[in-house]
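This report refers to the structure that appears directly beneath it.
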Amino acid sequence: MSTRLALSLTIVFLGALGVLTAFLGRVVLNELDNIGAIATERLTWNLSQVQVEHLQLKELAHLAEDGEGLHVLRLKFNIFYSRVATLRESPMFAELRSDTEASEALDRIQARLDHFLPIVDGSDRGLLYSLPGFILELQDNGHDTRKLVRYGLLAEEHASAVKKRHLSLTLKRLAWVLLVLVMALGLTALMIWRLFHRSQMLSAANSITTARMRAIVTSSLDAILMVDVRGRIMSINEAAQTIFGYTGQEALGRRMVDLIVPDNWQRFMMDNMTNFITAGEGMSDGQGRLQMKAKRKSGEIFPVELSVSASQAGEDMVFVFFLRDITARVEGEAALRRARDDALAGERAKANLLTVLSHEIRTPLNGILGSIELLETTGMLAEEQRYLRAMRISGELLLHHVNEVLEMSRLEAGTTPEQYKVFDLLQMVQGLVDGQQANAQAHDNQLRLRCRLPGQPFCLGNVARIQQALLNLIGNALKFTEGGEISVEVERHSDSDTVEFRVSDTGPGMADTDLDRIFEDFVTLDSSYSRQREGTGLGLAITQRIVENMGGTISVESELGEGSLFTFSLSLPLVSKRQTSPSKKGVDTVIPKRILVVEDNDINRMLLEKMLQRQGHSVDSAIGGAEGVQAVAENRYDMVLMDISMPGVDGIEALSQIRSRKLAEGVEIVALTAHAAGDDHERIMGAGFTEVLTKPVTQAELAKVIDRYTHIAKPLEDVPGDSDIQQFVAALGEERARGYLNDFCQDVARLQHALDTTGRVTGAQQGEAHRLAGSAAVLGLAALRICMLEIEAATPDTPLPIEPLAKAWSEAGVILGPHLEGDRA
Amino acid sequence: MTVFVLLLRVMVFAMTPAIVFAGTSNLETPVLLVVEVPDQDGGDGLIAQFTMDDLQALPAVSFETETIWFTGSQRFTGVPLAAVMQQVGITEGTIEASGSDDFSIELHMPTATAAGAIIAYQRNGSPMSVRKKGPLRVVYPFDDFPPLKRDLLFDNTIWHLVRIVVKSDIK
């Protein structure tokens, strides 16, 4: 760049020098012209003329002495006079006149001429008479004219010297300019030489690059084809020849599309190339890669990866195609994908099997456990009692494991609705630890609690899950520690939402190598057959999932023989007890809502009605799906609570009717179900329900759901952790509750009696069993509910759960007893 | 005047060697200028003579100019050289002008005409004696020209003019 600038500057400079030289040359020429200066010539000529004319005059004067040619003498005199007058008058001779000697000579000549003037103008005789004197005077004139001539010669000499000096100066200047010009030419030549040198170097570098490029192209493992704008192959490297099976001779000049592109790709290829040429885009313009098919000489079609770049050299555009045979890669990828899909499918099948299996195990297990309990009350021998006890303990353990597996699958599915509420952290932890004291003493362990919870203890969180996680950790610690100490620490970091829970024990501890995997599924560190501790190996995996689902972290530290420390931290924001509403509107008054409860079970329905009324809402009820749809069609509700399993039109059917007939647009419909499994929730949510509430439903849950879906602030009372039956009584009032409970007991007793006597179940009785199962769920009688559900689902082939029912019923008696009036019939 | 021109033409046509008296003026008036036109075919040619009256009969031209011979501006009056030469039918070619002092110059007619050459007979309103470089002299309006051209014109002047000979190279 700078070279180009310098070059142009030099050229401009040279031009200027040229102009200067031309100018100076002209000046020199002028001066050379002037050397024979006209003025000087004229001066000298005139002076010499003076002398010539003087001599002519003198000669004529001598001739005239004979009296001849007097008029010629006169004419010559006048001419001489006129010449002298010129010397005296003309500005040309100003210099001469200023010279004293020359001026005096001129004056003398003029004086002599003037003296003779009257004589010349006079008569011939007078003139003849005066001639000798005239000739004498002329001799003096000759003397003076020589002086003038000599002066003229000197003047000329002087003038020419001046001119020469001037000329030499000008020539000197010209020489300087020429010197500079030559130097500038030299500089230009140097620059041109450097440019030439550089271009030679560039061309050398270029040829090296070309050679390297050729080497790269030749040795490339990818096929490289150069194609002109008409799609004809211009060159093809060795790899391309190997891959496609054509020799260079065969390929050159052929159309690339014909040669190596399969028929069904030809159109695509040509369109793209046209696009590329016209719009300069498309294909894989140097960046992207394109996967397509190519064709070998043998006709074999195989996958290739293609990238194209266009190279523009002047008018000529050349496409460079890089093609890579990716047959092996594509096959590998396909195999890998298949393997992965198979593995995933296997994994899913395994998980499903586990879940289904566990679910199915639970029912007969309940039967076994129930039977064992019944057997225990039949007055067995002491030895038999011992075996029975062993059986029961084993059964219970098995049930626990099955429940863990189900819990795990539910956590995996992630369908359990998160139930956040405000709770007293301190109180919760204390209750939990107190509950475990008996267990601790059984293993001769000391269980301690240390809490550091500055400020008031109320915070917002999923209390049930926290309890579960803590229980798992404490249970684990108790299980593995004998005669040691377990300490539970709960600490809130000052002014932050984070609460850290630590459970440490003085048990056997774990090796570092094991620490990484204890949170994995089904991990039990003691894998020998003589395992001392039972367990599915799911406890910690479940705990970790629970914590992580709540956005927390869990970690473990342990030393073999020293003990273990489990730590998890959660974000549990503090809330003031007054301001317990999550909606934070600060309004304690309830805006009454109109709510429809659709529920076939009397107890359930009444319970819900009472609960809602106590919260200040107005409640309508419908006994079954059909009535529910009717009610929605006739009235406008703010929310609908709908049971799922109802005889006739069930909840899902009712919902689809309501939605398809657009009876309650914008009204949220919440499902109620006794099914706790994640799959059921998914099915229900899939049907279009807004949310699923699992029975038994607490006051707080109801309030929260109503608040959430009718957008009204209401006080969220922290409902005390009463048992279900207590909540039921509290909701209905003692008297009514007692009435319902009496009815419920009678119904169950009647059914039990009927089944006992006939050993069969009728359709009506199955309907009754369904109703009673719902009531049992509300009252928290799980075993009884299971029995009822079994009766409901029983076929003529299956045995009726007579004994479990008896056991469940006797257990229920213990729970219901205090709330009943009089004996149960 | 027309008569004179006609006469002149007749004489030229007649190709007879003759001395032409360039006017009908008094014979006692001295002839100041002789113009000779040699015959192209080697004949005797034509000779025209002009007296002061003859010259003054032609339309006069007058201008003032600086010269190298006089200090200060001078007024010259005379007839254009071209007008005189036209009297003998010459507009082109070269002429030789001579003075009574035997000085002579050659003039290229078109150049001289273009430069406005005149045959002056008066300077500053007075006739010029021989002593004052008269009675006839060729001058130009020198002031009308740039210095270089002027210098050339200074060399193409002549005083004491008495004779013009048309050179034989005329067409």
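In what follows, chains are A, B, ... by sequence order, proteins preceding strands, each numbered from 1. Only a predicted model underlies this, so the values are computations on that prediction, with no experimental measurement involved.
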Quiz item: By a 4.5 Å heavy-atom criterion (distance strictly below it), what part of Val72(A) contacts chain B: side chain, backbone, both, or neither?
Solution: neither
Quiz item: Do the rings of Phe80(A) and His54(A) sit parallel, tilted or perpendicular, given the 30° and 60° boundaries?
Solution: tilted
Practice problem: Enter the distance from Gln56(A):CD to Gln51(A):CD here, rounded to the nearest 0.5 Å. | Solution: 11.5 Å
Quiz item: So which part of Arg83(A) gets closer than 4.5 Å to some heavy atom of chain B, the side chain, the backbone, both or neither?
Solution: side chain
Exercise. Using non-hydrogen atoms and a 4.5 Å limit, figure out which bit of Thr67(B) sits close to chain A: side chain, backbone, both or neither.
Key: backbone
Exercise. For Asn124(B) and Gln74(B), indicate whether the former's side chain and the latter's backbone hold a donor-acceptor pair under 3.5 Å.
Key: no
Quiz item: Taking atom NE2 of His62(A) and atom CZ of Phe134(A), what is their separation to the nearest 0.5 Å?
Solution: 10.5 Å
Self-check item: Contacting moiety of Leu113(A), where chain B heavy atoms sit under 4.5 Å
Solution: neither
